[in-house]
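This report refers to the structure that appears directly beneath it.
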Amino acid sequence: MSSPDPQVRAARNLTDPAPESTPEEKRPRSPRGRGPVVAVTGAATGIGELLTAHLAASDAIKQVIAIDERRGEVTEATWHILDVRDPAIAEKLRGADVVVHLALDLDLETDPAARTAYNVRGTQTVLTAAAAVGVHRVVLCTSAMVYGALADNDVPLSEDAELRATAEATGVGDLLEIERLGRRAPRAHPGLNVTVVRPTVLVGGTDTALTRYFESPRLLVVAGSRPTWQFCHVEDLVTALEYAALEKIDGEFAVGCDGWLEQEEVEELSGVRRMELPSTVALGAAARLHRIGLTPSPAGDLAYTMHPWVVSVSRLHDAGWRPKWTNEEVLGALLEEVEGRHTLAGRRLGRKDATAAGAAGATVALLGAAAVVRRARKARRRI
């Protein structure tokens with residue numbers, strides 16, 4: 001067997017490792033107490049893999065049921081291989097006390113319609129199946145992006161602030177619908193509780209429009225905007241999800257580093273200079289580039305680099321949780337992670353393209369592509 005992903009090793013280091021158990025397909029480690037049986041969907045990759053490894057190493061967890069479309073590396077869990085949209089998932093959840101639903105597709109390159117179909121149908125199926133077999137809590141993981149990035153946001157936002165996001169940014173429409181399903185589920189299924197976890201800018205093996213922002217040769221700043229940055233390292237998200245699984249906290253809450261960084265602090269810490277553009281130019285070009293398929297990110301993603309959307313994490317603090325990472329430390333980890341990658345306007349470039357773009361090429365590329373679009377449209381109108 002190949003060695004586990006570095007993120008899985010990191011998750012296992014969050015607690016003392018449990019003794020190795022039998023590698024047999026369906027045989028979990030022996031129960032070690034009266035803790036809950038926790039099922040994790042999306043358990044073979046990403047945050048799901050990290051959480052599965054972390055819970056499997058915890059003496060506070062009786063058993064981990066891992067569900068994904070392929071078997072993962074965590075041999076201590078009981079694995080079930082199926083699509084979360086399959087109603088047969090109900091039988092796989094039987095006996096679980098808590099389900100942590102992490103089988104979401106937020107990949108920038110996924111077709112938006114297919115992404116929404118998977119995310120919404122999967123969440124509906126998991127909530128219905130969990131209620132049918134007597135699971136008493138489902139934990140959903142969305143994002144602090146659901147609050148929306150707006151110029152008049154409080155800094156920081158209260159965790160019970162109105163959700164003012166729109167569906168214009170990548171995956172945010174799906175997350176809003178997932179939260180709506182989570183609010184409806186306890187009314188439709190009495191006895192089922194739903195906890196919603198909203199991480200801030202997630203860092204640690206992630207690839208989002210917000211992490212790609214730091215892959216550019218210049219940090220795009222829209223004139224007149226006030227960017228603020230609050231990060232969340234995946235290790236902190238894992239421990240926050242563990243709190244939810246152990247029912248140390250419920251309801252809806254945010255998770256992230258304490259405080260935030262202003263754009264000027266980010267530039268000073270990163271050593272990456274800004275390029276400043278008028279809002280009409282930046283937003284118009286971003287919309288056109290996405291419309292013709294040159295970039296994966298819609299113009300709505302740009303709002304989250306323009307306006308504040310940092311959130312208080314007081315509910316986790318009140319429950320006794322503390323982040324292990326600071327914003328400065330997570331930014332440093334992100335910069336190390338993206339070193340050698342080159343992105344312009346959200347589109348990854350090969351080394352040859354990046355060299356051609358040069359240090360000051362981001363502005364030229366953005367405006368030049370927009371000009372190409374305008375010329376193409378004029379040409380079509382003349383035909």
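Side chains are part of it too, since the values below use all heavy atoms of this structure and drop only hydrogens, waters and symmetry mates.
Considering only heavy atoms from C-beta on, Leu316 stays 4.5 Å or farther from Glu159 through its side chain. Using a 4.5 Å heavy-atom cutoff, the side chains of Leu104 and Tyr118 are not in contact. Side-chain atoms of Glu329 and Thr326, non-hydrogen and from C-beta on, do get closer than 4.5 Å to each other. In this structure, the side chains of Gln263 and Val221 come closer than 4.5 Å at one or more pairs of heavy atoms. Between Thr239 and His54, some side-chain heavy-atom pair lies under the 4.5 Å cut-off. Residues Leu277 and Leu220 form a side-chain contact, since some pair of their non-hydrogen atoms from C-beta on lies under 4.5 Å apart. Looking at heavy atoms from C-beta onward, Val138 lies out of side-chain contact with Val98 at the 4.5 angstrom threshold. Side-chain contact between Pro36 and Leu246 is present, with at least one heavy-atom pair separated by less than 4.5 Å.
Tracing side-chain contacts under 4.5 Å through hydrophobic residues (I, L, V, M, F, W, Y), one never reaches Leu202 starting from Val310; they form parts of separate clusters. Under the 4.5 Å side-chain heavy-atom criterion for ILVMFWY residues, no single connected hydrophobic cluster contains both Leu150 and Val146. Linking Ile, Leu, Val, Met, Phe, Trp and Tyr whenever their side-chain heavy atoms come within less than 4.5 Å leaves Trp260 and Val255 in two separate clusters. By the rule that hydrophobic residues join a cluster once side-chain heavy atoms approach within less than 4.5 Å of another member, Val40 and Tyr243 end up as members of one cluster. No path of Ile, Leu, Val, Met, Phe, Trp and Tyr side chains, each step under 4.5 Å between heavy atoms, connects Leu157 with Val155, placing them in separate hydrophobic clusters.
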Asp86 vs Lys92, salt bridge (Lys or Arg N to Asp or Glu O under 4.0 Å): CA-CA, chis, key distance, verdict: CA-CA 11 Å; Asp86 187 340; Lys92 312 306 180 185; over 6 Å; no
What verdict does the salt bridge (Lys or Arg N to Asp or Glu O under 4.0 Å) test give for Arg212 and Glu109, after you've listed the backbone C-alpha separation in whole Å, the side-chain angles of each residue and the deciding distance to 0.1 Å? CA-CA 13 Å; Arg212 288 192 184 189; Glu109 311 296 341; 3.4 Å; yes
Show, in sequence, the C-alpha distance, side-chain angles and deciding distance for Asp258 and Val313, and conclude whether the side chain to side chain contact (heavy atoms under 4.5 Å, CB included) test is met. CA-CA 7 Å; Asp258 293 330; Val313 293; 3.6 Å; yes
Go through the steps for Arg85 and Glu69 under the test salt bridge (Lys or Arg N to Asp or Glu O under 4.0 Å), then give the verdict. CA-CA 11 Å; Arg85 295 169 292 182; Glu69 293 179 54; 5.2 Å; no
Give the intermediate values and the outcome of salt bridge (Lys or Arg N to Asp or Glu O under 4.0 Å) for residues Glu276 and Arg274. CA-CA 6 Å; Glu276 191 163 312; Arg274 68 170 62 191; 3.0 Å; yes
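Taking all atoms of both residues into account, the shortest heavy-atom contact from Leu127 to Gly182 is CD1-N, 4.3 Å. The shortest non-hydrogen separation linking Val222 to Pro278 is CG1-C, 4.4 Å. Here the closest non-hydrogen pair linking Asp105 and Asn119 is N-OD1, 2.7 Å. Taking every heavy atom of both residues into account, Phe253 and Ala244 meet most closely at CZ-CB, 4.3 Å. When all heavy atoms of Ala103 and Val84 are compared, the closest pair comes out as CB-CG1, 3.7 Å. Residues Cys141 and Leu102 share a closest heavy-atom pair of CB-CD2, 3.5 Å.
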Donor-acceptor list for residues 183-197 side chains, cut-off 3.5 Å, not counting sequence neighbours:
{"residue": "Arg187", "atom": "NH1", "partner": "Arg183", "partner atom": "O", "Å": "3.3"}
{"residue": "Asn193", "atom": "ND2", "partner": "His136", "partner atom": "O", "Å": "3.2"}
{"residue": "Thr195", "atom": "OG1", "partner": "Arg137", "partner atom": "NH1", "Å": "2.9"}

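Judged by distance alone, the side chain of Asp97 and the main-chain N or O of Val37 form a donor-acceptor pair under 3.5 Å. Under the 3.5 Å distance criterion, the side-chain polar atoms of Arg315 are matched with a main-chain donor or acceptor of Glu252. Trp321 contributes no side-chain N or O that, together with a main-chain N or O of Ile249, makes up a donor-acceptor pair within less than 3.5 Å. A side-chain donor-acceptor contact under 3.5 Å links Ser58 to the backbone of Ala60.
A perpendicular orientation is assigned to the rings of Trp309 and Tyr304, their planes being inclined by more than 60° (bins at 30° and 60°).
A salt bridge links Glu179 with Arg198: at least one charged nitrogen is closer than 4.0 Å to a carboxylate oxygen. For Lys248 and Glu242, the salt-bridge test fails: no basic side-chain N is under 4.0 Å from an acidic carboxylate O.
Between atom CG of residue Leu302 and atom NE2 of residue His307 there is a gap of 8.5 Å, rounded to the nearest 0.5 Å. With values rounded to the nearest 0.5 angstrom, Glu91 atom CD is found 11.5 Å from Leu82 atom CG.
Partners of Val272 under the side chain to side chain contact (heavy atoms under 4.5 Å, CB included) rule, at least two apart in sequence or in another chain, are Leu219, Ser270. The side chain to side chain contact (heavy atoms under 4.5 Å, CB included) check on Asn327 picks up Gln230, Phe231, Cys257, Leu261, with sequence neighbours excluded.
Remark: aromatic rings of Tyr213 and Trp229 are close, center separation under 6.0 Å.
When only modelled atom types and interatomic distance are considered, Asp68 and His80 share no side-chain donor-acceptor pair under 3.5 Å. No side-chain donor-acceptor contact under 3.5 Å links Thr208 and Thr206. Between the side chains of Thr78 and Gln63, at least one donor-acceptor pair of N or O atoms lies under 3.5 Å.
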